[in-house]
Each structure stands twice: as C-alpha cells, then as structure tokens.
Protein chains: 2
Amino acid sequence: MSFSTELIKGTLRTIILKLLSDHGKLYGYELTQKAKEMTGGKIQITEGALYPTLHALEREGLLVTEVEYIGKRVRKYYYLSESGSAASSQKISELQDFINTIGLLLDLKTFTV
Amino acid sequence: MSFSTELIKGTLRTIILKLLSDHGKLYGYELTQKAKEMTGGKIQITEGALYPTLHALEREGLLVTEVEYIGKRVRKYYYLSESGSAASSQKISELQDFINTIGLLLDLKTFTV
DNA sequence: AAAGATACATAAGTTTTCGAGGTATCAAAT
DNA sequence: ATTTGATACCTCGAAAACTTATGTATCTTT
C-alpha cells in the first residue's frame, strides 16, 4: 500500500468487509482494484497482505467463497456470511469512531454521514 | 489502548509528535494522560508501547530530552528537535490525508480545519 | 500500613504486514 | 511467433509494532 504504510495497519480487515458489504461479491484481485480506484491509487492492497487475510476471515466464518471459471482461469469470489455482515457493521462503526477520536487529537472535524 | 486495538497501530508516533508540537514539552506519563483526557479515555497509550517509541524517536534525533527531579523522583521531559518539528508536520498531514482517504472508502466526509 | 497514583523501564511473544517469489492464463503489441 | 503486461491465484521468511507481564521506586491518600 502506498501510504507511509504503517498507518494502514489494522484497517485491512475493515476495508475488505466494507467493500464486500457495499458490492456484495468480489474476488481478491478485484478488491485490490476497487480499493485503488476508490482512493485515487492511495491505498494499494498488496497480495501478500490480502490473501492471508481473506483466508483468515473465511476460516473465522465471516466470509464464504464461490469459485468460478473464466475460461481456464480460476476466480474465487468472496462474500459476507451472516455473522460476517454483523462483524462488518460493527467493525465499520468502530473504524468511524476511531477516526473521530483521532480527529480529536489532530484538530480535525470529522462528520459521519 | 482501548479500541479494538489493531486500529491504533501505526498512529502512535504521530500522536506523540502532535501532542509535543501542541504542548511543547511533556514527559512520558503526561503523554499518556493527555491522550486519555483528550479522547475521553478512548485512547490509552500503554507504557510498553510508549517508552520504546520515545526512545526510538530520540535515537533518530526527532526528540530531545531534559531530566528534572521532583523530590527524588525522575521526570524525563521530551520535546521536538528541529528535525522533529519538520517530521511532525509531515507525519501529521500524512495522517490527515490517510483519514480522508479511508473516509472515501467508508462514505465519511472529513474536513480538515 | 496499605493502596493507588505517579514515573521510569525492559523483554518475550503475538500479530500484522511487507517483499519476494512461484504458477498459470489471456490479450495486445512487436 | 513471441514477448510483455495485465489478470489471478498462492506461500513464506523477515521485519515492525504493539501487548502483556514484570520490575523498581517514590509520593499521596486512606
């Protein structure tokens, strides 16, 4: 990712969950592209971070998968399970809360829409 | 710290630098109290995280120290060096930028004052 | 006299991420 | 025809940051 990257640590799971809750069903590579595109290239999820995280979320039951073939190429779609949807909302509000809290220290005014 | 704490990772240095740039001169314990007080207890810097970070920042030349005795008790004040001030501004805008970027993904509107 | 707050510090272990490497398909350009 | 670049999955060793626990000591309040 292309911030002075230590900042992004800890937000990856939430970003993934949020993207999936907005778009329903996405495959790994697509997630990296969506994040990149939505942030003007500022957040680039690396594959070395992405795949282990997706596997962990699946192992924990928050995500379920569906494999599709495009020609001979595998494409593994991820989407939220029921508990994943709950976790997703919870994680997202937590991140919003966190951003507001950090804002207090940085003299930012943050508004949640 | 008392968020679901992985979120806070990566922000500690910036928080320290910002607090020092606002208050001029603070000692370790005071930093933990300021952060706690400014965020309604939501950000609690642990000492295990704080001291190694302060030492690292000092080693890197961003912070300088000044020891004071309150009775027999040592108090070690930290303040920004010249390069620390520069680093501080830079880190702070980076964190602001990051917050705005994350906001894009989370549908937040954040305004920098 | 004990408990709780102030004040410094280290250290082992965990978690998260990075960076590099690996395999393979498909499309476009040379 | 073949090379390059994009698409698409994946793993693994190493580094970084933080947590939890532990240690020492002083001062204040009960």
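Chain A is the first sequence line, chain B the second, and so forth, proteins listed ahead of strands; every chain is numbered from 1.
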Any side-chain N or O of A/K72 below 4.0 angstrom from OP1/OP2 of D/dA8? no

Side chain of [X], heavy atoms from C-beta onward: which of [options] has the nearest atom to it?
X: A/K76; options: D/dT20, D/dC9, C/dT10; result: D/dC9
X: B/E47; options: D/dA8, C/dA9, D/dT19; result: C/dA9
X: B/Q33; options: C/dT6, D/dT11, D/dC10; result: C/dT6

Would you mind telling me which of A/Y51, A/Y78, A/Y79, A/Y77 makes a ring pair (Phe, Tyr, Trp, His ring centres under 6.0 Å) with A/Y27? A/Y77

By the 4.0 Å heavy-atom rule, please label [X] as base, sugar-phosphate, or nothing.
X: B/R73; answer: base
X: A/G71; answer: sugar-phosphate
X: B/G28; answer: sugar-phosphate
X: A/E30; answer: nothing

Round to the nearest Å and state the distance from [X] atom [atom1] to [N] atom [atom2].
X: B/E68; N: C/dT6; atom1: CD; atom2: P; answer: 17 Å
X: A/L57; N: C/dT16; atom1: CG; atom2: P; answer: 10 Å
X: B/L12; N: D/dT19; atom1: CG; atom2: C1'; answer: 12 Å

Note: for B/L54 and A/T53 on DNA chain C, the residue whose nearest nucleotide lies more 5' is B/L54

Within a 6.0 Å radius of atom CD on B/E82, are there more than 12 heavy atoms belonging to other residues, nucleotides or ligands? no

Assess whether a salt bridge exists between B/D22 and B/K34, defined as any Lys/Arg side-chain N lying under 4.0 Å from an Asp/Glu carboxylate O. no

Non-hydrogen atoms of A/M38 and A/L19 that approach each other most closely: SD-CD2, 3.6 Å

